[in-house]
Trainee: 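So that we are looking at the same thing, I have put the structure below in structure tokens.
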Amino acid sequence: MQVEFWLVQLAVSVPIAVVLALTLARAKPSERFSREAEIDFLAGQIRKTYSDVSSGLLDERDAENARIEISRRLLKVGRENASATRESRPPKAATALLAILVGLVLVPGAIYLHWLAGAPGIPDMPLKARLANAEAARVNRLTQANFLVENSLNEPDVSDFNPSYLELINRLRAAVVENPGNARGLELLVQHESALGRYSSAADAQAQIINLKDALASADDYASLAELLVYAAGGYVSPEAEDLFAHAISIDSLNATALYYTGLMYAQTGRPDRAFHIWYEILESDSADANPELVKRIQNQIAAVAQLAGLDFLPPLTEFAEPDAATLTDDEQAILALGMVNGLEERLHNGDGPAAEWALLIKSLGVLGEFGRARDAWTKAKKLFSDNIEALRLIEIEARIAGIHE
């Protein structure tokens with residue numbers, strides 16, 4: 001064998017071995033797409049109960065029961081998320097040993113494989129063929145129903161929920177059956193089935209809403225249905241969900257939810273390059289400020305997708321504009337109009353105060369962008385209500401929505 005061959009092989013394989021070893025040493029756990037998305041979704045359901053009370057669609061007692069049950073689901077998903085993070089971290093000693101083995105095996109192994117498989121006449125896999133394979137995998141992937149069956153993703157057991165709340169949902173289901181044309185009843189059923197984690201049932205109700213609206217169904221209606229299918233499948237974007245997102249985009253080409261999940265679908269089917277470009281366009285679009293939760297989700301994932309696509313990219317930190325009273329909800333307008341935040345904060349920090357007021361303080365500070373003060377309030381409230389589980393749940397919900405829960 002010629003000396004030049006050995007020199008070329010060493011010049012290529014040694015730097016690669018060093019880079020791989022360093023990468024392994026700095027390896028971080030992968031992003032948990034579906035659980036974080038589910039937390040955002042449930043937090044949105046809690047916010048919706050407040051608007052339902054304001055509009056008279058729910059009384060305060062039923063709304064409070066709904067918030068408690070949604071919060072239980074939120075806490076459960078949060079614990080699963082934390083557990084997955086701990087389990088995904090490899091031991092440092094094992095990582096170091098693997099990095100050393102990479103260096104010892106890669107150099108002689110690369111030379112041997114090149115000598116064995118790099119002979120003339122052995123075909124390679126050009127880019128065109130790789131893209132064709134990825135497209136075939138996307139087209140032929142499992143349907144929603146088959147994925148649920150193969151992964152044993154059944155509707156969850158809800159027996160540990162509050163019996164009175166379950167009875168309320170049963171009455172709601174019966175009312176919808178008796179009056180299938182009641183769109184508002186179906187909307188409430190979507191909300192509460194989601195709170196129970198019964199996303200397939202929630203999707204069925206959302207599909208009925210779309211059938212009722214027919215040609216008047218919006219892009220958000222279709223995107224919401226597809227998103228429920230994704231949650232039901234544990235984060236998997238099935239062909240059925242893909243078609244619904246595509247229909248939403250055909251109605252509104254800037255629908256951020258549909259675009260986000262379309263990018264996620266490409267990330268799951270071997271086209272991280274397409275996922276990156278779709279998500280990057282969302283970050284650069286004018287709608288980014290209106291979707292802070294979605295932008296945060298993309299920022300947590302886009303660097304990993306860029307790396308898989310062979311791109312060197314770090315997401316910019318997005319700064320959202322100051323709240324505009326014309327675009328705020330009724331609750332947020334009341335908070336700003338009354339100018340009560342400073343007085344409420346001072347009164348609570350100098351005394352005890354009920355859990356509802358601590359929750360309102362954290363919510364108010366989050367709306368105003370005062371995340372440091374909101375975090376201080378959350379820390380103190382945890383100590384004050386350490387022996388009151390229901391109070392902690394109420395306050396923790398607002399801490400999660402404000403993005404300061406740890």
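No hydrogens, no waters, no symmetry mates; every other heavy atom, side chains included, goes into these values.
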Trainee: Going by distance alone, is a donor N or O of one side chain under 3.5 Å from an acceptor N or O of the other, for N170 and R173?
Mentor: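 There is such a pair (donor and acceptor under 3.5 Å, judged by atom type) between the side chains of N170 and R173.
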Trainee: Could you give the distance from CG (L196) to CD (Q191), rounded to the nearest 0.5 Å?
Mentor: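 It comes to 11.0 Å.
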Trainee: Please name the pair of heavy atoms, one in A377 and one in I362, separated by the smallest distance, quoted to 0.1 Å.
Mentor: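 Looking at all heavy atoms of both residues, the shortest contact is CB-CG1, 4.0 Å.
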Trainee: What's the shortest heavy-atom distance between G234 and L153, and which atoms?
Mentor: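 Heavy-atom minimum between the residues: N-CD1, 4.3 Å.
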Trainee: Can you tell me how far the CD1 atom of I249 sits from the CZ atom of F245, to the nearest 0.5 Å?
Mentor: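 Between I249 CD1 and F245 CZ, I get 8.5 Å after rounding to 0.5 Å.
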Trainee: Decide side-chain contact (heavy atoms from CB on, under 4.5 Å) for V305 and Y266; before the verdict, give the C-alpha distance in whole Å, the side-chain angles of both, and the deciding distance to 0.1 Å.
Mentor: CA-CA 10 Å; V305 168; Y266 280 119; over 6 Å; no
Trainee: For E281 and L259, run side-chain contact (heavy atoms from CB on, under 4.5 Å): C-alpha distance rounded to whole Å, both residues' side-chain angles, the deciding distance at 0.1 Å, then the answer.
Mentor: CA-CA 9 Å; E281 288 297 324; L259 289 171; over 6 Å; no
Trainee: At their closest point, which heavy atom of A381 faces which heavy atom of W358, and how far apart are they?
Mentor: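 Nearest pair, atom of A381 first, then W358: CB-CE3, 3.9 Å.
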Trainee: Nearest heavy-atom pair of P239 and L142: which atoms, and what distance?
Mentor: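 Answer, listing the atom of P239 first, then L142: CD-O, 3.0 Å.
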Trainee: So, D220 versus S218: side-chain donor-acceptor pair below 3.5 Å or not?
Mentor: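 Per modelled atom types, D220 and S218 side chains form no pair under 3.5 Å.
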Trainee: Got a donor-acceptor contact below 3.5 angstrom from the Q144 side chain to the E240 backbone?
Mentor: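 Side chain of Q144 to backbone of E240: no pair is present.
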Trainee: As an exercise, state the distance from OG1 of T262 to CZ of R274, rounded to the nearest 0.5 Å.
Mentor: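 Answer for the OG1-CZ pair, T262 versus R274, is 11.5 Å.
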Trainee: For a quick check under 3.5 Å, do Q268 and Y236 share a side-chain donor-acceptor pair by atom type?
Mentor: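 On atom types as modelled, these side chains do not qualify, holding no pair under 3.5 Å.
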Trainee: About how many Å separate CD of Q206 and OH of Y222, when rounded to the nearest 0.5 Å?
Mentor: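 Separation between the atoms: 10.5 Å.
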Trainee: Quiz question: by atom type and distance under 3.5 Å, do the side chains of D376 and T379 form a donor-acceptor pair?
Mentor: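 Not at all, the side chains of D376 and T379 share no donor-acceptor pair under 3.5 Å.
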Trainee: Is a donor from one side chain sitting under 3.5 angstrom from an acceptor on the other, for Y260 and Q301?
Mentor: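 Q301 and Y260 do have a side-chain donor-acceptor pair below 3.5 Å.
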Trainee: Are the side chains of V295 and L283 in touch, meaning some heavy atoms are under 4.5 Å apart?
Mentor: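 Yes, their side chains come closer than 4.5 Å.
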Trainee: Taking atom types as modelled, find out whether S201 and E155 have a side-chain donor-acceptor pair closer than 3.5 angstrom.
Mentor: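 A pair is found: one side chain offers a donor N or O, the other an acceptor, under 3.5 Å apart.
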Trainee: To the nearest 0.5 Å, what is the distance between CG (N162) and CD1 (I68)?
Mentor: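 With rounding to 0.5 Å, CG (N162) is 7.5 Å from CD1 (I68).
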Trainee: Give a yes or no on whether a salt bridge exists between R141 and E242, defined as a side-chain N under 4.0 angstrom from a carboxylate O.
Mentor: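 Looking at E242 together with R141, the answer is yes, because their closest N to O distance falls below 4.0 Å.
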Trainee: Which atom names give the shortest non-hydrogen contact between L186 and P180, and what distance separates them?
Mentor: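 Looks like CD1-O, 3.8 Å.
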Trainee: What pair of heavy atoms forms the shortest contact from A205 to V190, and how long is it?
Mentor: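 Minimum heavy-atom contact is CB-CG2, 3.6 Å.
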Trainee: Does the pair L228 and F41 meet the rule for a side-chain contact (heavy atoms from CB on, under 4.5 Å), with working shown?
Mentor: CA-CA 10 Å; L228 288 168; F41 179 82; 3.7 Å; yes
Trainee: Are Y261 and L229 close enough, and set up right, to give a side-chain contact (heavy atoms from CB on, under 4.5 Å), and what steps lead you there?
Mentor: CA-CA 11 Å; Y261 282 106; L229 293 181; over 6 Å; no
Trainee: Find the distance between CD (E187) and CG (D221) and round it off to the nearest 0.5 Å.
Mentor: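 Result: 8.0 Å between the selected atoms.
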Trainee: Please walk me through it: do E135 and R138 pass salt bridge (Lys or Arg N to Asp or Glu O under 4.0 Å)?
Mentor: CA-CA 5 Å; E135 178 63 13; R138 183 187 70 83; 2.6 Å; yes
